[in-house]
Trainee: 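Before I ask anything, here is the structure I am working with.
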Amino acid sequence: MVRFLLRTLTPRPHLVARTAGGERECLRFSKQLALLAYLGARPDGAASREELVSLLWDGSAQRDARHALRQVIHQIRRHAEAELVHGDGALCVRREELEFDVVRFRQELAAGRLEDALALYETDFLSTVTVPDAPEFERWADDLRRQLAAERGELLRTLLARAADEGRWAQAARYARTLIEQDPADPEPRLRLVELLALSGDTVDARIEAERVRDLPEADERAIARALAAGAGATAGHPASPGAGLPEHPPLVGRTGEFAHVVERWKAAAAGTGGAVLLAGEPGSGKTRLLAELAPRLRQDRGLVLAARCYPVEAGEPLAPFVELLAAAHAAPGLAGAAPGSLATLAGVIPEIAARFPGAAPPATPVHPAVLAAALLEGLLAIADEQPVALLLDDAHHASPAALGFAHRLARRVAHRPLLLVLAARDAVRAPRQTRAMRDLAASDAVETIPLPPLDAADVVQLLGALARLPQEAAGAALAARVVEHTGGVPAHVLALLRDLSGEGRLAIRDGAWAITQGLTDRRTPLPAARSRTSVARARLEALDPPSRALLAALAVWQRAATAQELALLADQPEDAVWEGLAVLARRRLLAHSAEGSYAAPRDATGEVARAVVSPVVLAELHRNAATLAELRAPQDPVREWFVAARHAAAAGDMERAAGDAVHGAGAIEARSGKSAAWKELYTWLDALPEPLKPDIAARLPQALREDTAAPGKGESAA
Ligand SMILES: Nc1ncnc2c1ncn2[C@@H]1O[C@H](COP(=O)(O)OP(=O)(O)O)[C@@H](O)[C@H]1O
Ligand SMILES: [Mg+2]
């Protein structure tokens with residue numbers, strides 16, 4: 001039974017005995033406590049007497065020091081009234097009796113209980129005390145302190161990102177403030193705070209915080225402006241608080257295959273076959289969530305698991321995410337195996353490494369990016385030489401081309417080493433400067449892409465079922481189907497819709513079971529307007545890269561199926577770009593099912609919205625291309641294609657072409673069914689045109705008829 005608790009992550013480190021009557025403090029900070037902490041932090045809880053002597057009595061005569069060590073052990077026994085340390089040659093701490101807050105912190109972290117981990121960490125490890133005349137101990141404590149602080153930083157960034165992703169601005173702002181306390185000179189959490197305050201509508205505080213960021217040496221005015229502008233984009237419909245009865249972190253569903261696959265790759269890496277995987281999906285598809293679920297799982301195995309994230313505002317250092325990863329790994333034993341030159345380069349940009357390797361003299365002049373990249377690569381590989389390493393990098397689409405190039409290089413170097421790089425990124429990048437690098441990475445043999453497609457109705461049933469019982473199976477399935485139809489199955493939109501519904505009282509958990517109101521399963525009753533199908537579709541389309549969006553718009557304008565070659569004409573894109581765009585659309589389930597080798601826009605709101613989001617100029621262009629395609633197809637099916645071409649030409653504003661195409665269509669009918677059928681069809685077509693276009697086209701028909709020899713009533717007036 002654990003009877004003692006060693007507290008070191010608090011301003012007043014002490015040892016507590018737990019008794020039936022409560023807690024009793026039995027030791028304040030002292031050499032005794034230092035010894036317990038040192039042993040407690042060892043993986044096996046043990047150290048030799050020689051090691052402890054040189055750690056705590058550096059410079060004392062051996063005999064005296066050994067005597068002092070015995071005294072310290074004796075004092076621990078006397079104060080604790082228990083044998084917490086035992087052994088002859090090596091001394092060992094009794095873990096079954098003594099709980100150590102540092103170990104507990106890391107256990108909570110590994111288990112994904114992030115808030116619990118955070119609560120344990122009041123201040124940095126032993127930051128308020130020193131052991132006189134024990135420089136060796138001070139160095140050790142310093143190292144561990146930095147390492148723990150980095151872990152806590154990672155923890156806070158994760159919590160912040162989660163809270164922000166879920167729209168819990170106030171909570172996210174609290175995490176940002178804690179990060180600022182931890183490192184007041186770091187502009188990143190300050191920018192996040194400005195953004196979060198702006199998002200929560202607290203514009204005055206946002207401006208005050210923005211002033212503080214401006215005081216920092218590396219203030220980036222554009223990043224500040226972006227952070228302040230975040231509030232303007234926030235809609236009133238955003239979930240400021242989760243819907244009644246819905247937990248903030250619903251269980252993960254529908255990602256078992258992807259999860260298991262990454263774990264498998266991690267096992268392979270640990271056995272010496274490393275590599276890189278890329279979790280690819282649209283915003284809200286669950287990339288960050290999957291990484292957050294993976295980290296504790298990967299940590300269960302032997303090895304070092306590090307996580308970082310790329311930010312759009314990372315202006316200063318192009319390789320920032322990898323510098324951050326290596327900084328977090330500065331205490332890893334393998335790093336000592338890197339070449340002195342590389343360590344010196346790294347010491348120049350990573351203070352933790354400079355502190356650990358005082359002999360490595362940082363270069364006097366700023367290092368060339370290529371030199372830094374080489375040093376980072378060597379540092380990471382040196383660490384992996386001693387223990388398996390997993391690097392989790394979120395939002396890689398924000399990474400600089402240099403960082404993406406580095407990731408690619410790393411991926412190619414670790415085929416026979418225990419290192420796994422897990423990247424998460426949008427599968428379509430909007431910023432052109434990253435497009436090439438991101439595309440090269442995704443296409444590389446060294447990088448395995450794992451797409452995160454939208455959830456299907458069965459996944460949503462599972463999600464509902466994991467939150468509460470579903471008494472009426474049919475109602476649950478009907479609701480799930482509607483939710484998927486409404487949201488495209490994108491997890492973020494699914495959750496937002498469920499929150500809206502429970503906020504409106506139409507969906508609730510009562511006594512552990514779902515209460516689903518009648519209207520929710522009835523297609524005739526609309527779902528909430530705040531997150532209408534069109535607004536969801538618009539958000540999803542806006543998150544596409546422009547070429548893929550243009551492709552979908554072209555299909556939506558065409559309104560029929562088309563092959564990739566035809567699409568190249570319709571969207572005026574090279575064929576390989578078309579294939580790439582089709583892959584993105586298919587992954588996001590933004591294409592309707594159609595025959596092998598041909599593609600169509602979905603027949604729901606998405607298609608309409610795809611047409612609506614392009615500019616009138618582009619729309620006219622698309623109609624012109626559609627007219628051309630139909631004209632090209634006319635030899636196969638003249639009756640149909642000429643009229644289709646005519647309709648698109650009219651929509652493109654080219655009345656002359658519309659009239660000509662229609663006359664050709666009429667001619668085709670005449671050849672098959674006679675003159676009167678042709679006239680009839682021509683007038684029916686004219687009649688179906690939008691009102692404002694009719695007179696203009698009708699006026700042009702005679703001319704078109706004169707020019708067309710095959711048309712009905714050659715030379716007669718059609719008007
Ligand atoms: N498979 C899933 N099951 C349940 N919830 C999920 C799943 N994937 C994502 N979520 C939730 O959806 C929201 C958006 O996910 P997130 O990971 O932030 O998306 P991304 O990083 O791809 O933009 C989060 O609240 C997350 O917890
Ligand atoms: Mg994310």
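Only a predicted model underlies this, so the values are computations on that prediction, with no experimental measurement involved. Order of appearance sets the numbers: ligands from 1, and atoms from 1 within every ligand.
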Trainee: Does this structure show an ion pair linking Glu293 with Arg289, if we count only N-O contacts that are shorter than 4.0 Å?
Mentor: yes

Trainee: Is Leu479 close to Leu464 at the side-chain level, that is, under 4.5 Å between some pair of heavy atoms?
Mentor: yes

Trainee: What atoms of ligand 1 come within less than 4.0 Å of a heavy atom belonging to Leu495?
Mentor: 11 (C), 12 (O), 25 (O)

Trainee: Is the closest side-chain donor-acceptor distance between Arg104 and Gln107 under 3.5 Å?
Mentor: no

Trainee: Are any of the heavy atoms in Gly281 under 4.0 Å away from ligand 1?
Mentor: no

Trainee: What atoms of ligand 1 come within less than 4.0 Å of a heavy atom belonging to Arg255?
Mentor: 1 (N)

Trainee: Determine the minimum heavy-atom distance between Arg265 and Ala276, stating which atoms define it.
Mentor: NH2-N, 3.7 Å

Trainee: Pull out every atom of ligand 1 sitting under 4.0 Å from any heavy atom of Pro283, numbered as shown with elements.
Mentor: 23 (O)

Trainee: Heavy-atom count around Arg603 CZ within 6.0 Å, excluding the residue itself: above 12?
Mentor: no

Trainee: Give me the atom names and distance for the closest heavy-atom approach of Ala403 to Pro318.
Mentor: CB-O, 3.4 Å

Trainee: Tell me, please: is Pro251 in heavy-atom contact with ligand 1, that is, under 4.0 Å?
Mentor: yes

Trainee: Quick check on side chain to side chain contact (heavy atoms under 4.5 Å, CB included): which of Val194, Ile224, Leu191, Leu196 does Glu209 satisfy it with?
Mentor: Val194

Trainee: Considering Arg289, Glu293, Glu282, which one's heavy-atom position lies nearest to atom 17 (O) of ligand 1?
Mentor: Arg289

Trainee: With a 4.0 Å cut-off on heavy atoms, is Gly254 touching ligand 1?
Mentor: no

Trainee: Hey, is ligand 1 close enough to Val253 that some N/O pair sits below 3.5 Å?
Mentor: yes

Trainee: Looking only at distances, can you tell me whether any N or O atom of Gly286, backbone or side chain, sits closer than 3.5 Å to an N or O atom of ligand 1?
Mentor: yes

